[in-house]
Amino acid sequence: QKLPDAKVMAALAVFGIRPEPADALSGREEVTDVLKRAIENEKDSIVFYNGLKDFAPAEITKEKIDDIIREELRHIRILNKVWQRLA
């Protein structure tokens, strides 16, 4: 099994120590700013899950992680559509 590179390890480490999304908001943000942040969080999740696949012991586990990544991508598409309607 190949070892993950430094970028993957850094993404995994950062993902685990991020604050709760609601705690990072003041309540004064524009809706588009919140959507932008949500899209970035979804992208971060995809990086995390891609890195996690390097640690998956079985192909079935990698397939489940791919299912999660597809769902995260679907979230990004939904958020982008909302953002475009508001812009």
Side-chain angles (χ1 to χ4, degrees):
Q1 185 171 353
K2 74 174 190 164
L3 294 174
D5 66 14
K7 287 182 184 178
V8 170
M9 293 303 291
L12 290 173
V14 169
F15 191 83
I17 59 172
R18 287 190 326 194
E20 284 294 316
D23 293 342
L25 299 172
S26 69
R28 294 183 296 274
E29 293 83 6
E30 295 290 327
V31 174
T32 52
D33 292 331
V34 174
L35 287 168
K36 191 174 173 181
R37 184 175 292 190
I39 291 167
E40 290 304 317
N41 286 342
E42 294 291 343
K43 289 177 181 178
D44 290 345
S45 295
I46 291 168
V47 170
F48 171 78
Y49 287 116
N50 268 318
L52 197 59
K53 283 195 314 188
D54 288 339
F55 297 99
E59 198 56 41
I60 188 89
T61 306
K62 291 179 184 182
E63 290 173 16
K64 294 295 181 188
I65 293 171
D66 282 336
D67 289 343
I68 294 169
I69 291 169
R70 278 190 288 281
E71 184 66 17
E72 298 296 330
L73 288 168
R74 188 177 75 78
H75 296 165
I76 290 172
R77 286 192 300 274
I78 292 167
L79 291 166
N80 271 322
K81 284 181 185 177
V82 173
W83 190 15
Q84 289 172 359
R85 277 189 243 145
L86 294 173

Check: Who pairs with Thr61 by side-chain contact (heavy atoms from CB on, under 4.5 Å), at least two apart in sequence or on another chain?
Finding: Ala56, Pro57, Ala58, Ile65
Notebook entry, point to check: How far does CG of Leu73 sit from CD of Glu42, to the nearest 0.5 angstrom?
Noted result: 9.0 Å
Item checked: Counterpart residues, salt bridge (charged side-chain N to carboxylate O under 4.0 Å, His left out), relative to Asp33 (two or more places apart) -> none
Next item on the list: Rounded to the nearest 0.5 Å, what's the gap from CG on Leu52 to NZ on Lys64? Could you check?
Entry: 14.5 Å
Notebook entry, point to check: Mind checking what makes side-chain contact (heavy atoms from CB on, under 4.5 Å) contact with Gln84, not counting sequence neighbours?
Noted result: none
Checklist line | With Asp66 via side-chain hydrogen bond (donor to acceptor under 3.5 Å, both in side chains) - residues at least two apart | finding: Lys53
Check: Could you give all pairs that pass the salt bridge (charged side-chain N to carboxylate O under 4.0 Å, His left out) test and reach residues 73-87, with sequence neighbours left out?
Finding: Glu71-Arg74
Item checked: Residues forming a side-chain contact (heavy atoms from CB on, under 4.5 Å) with Lys43, sequence neighbours excluded -> Ile39, Glu40, Ile76
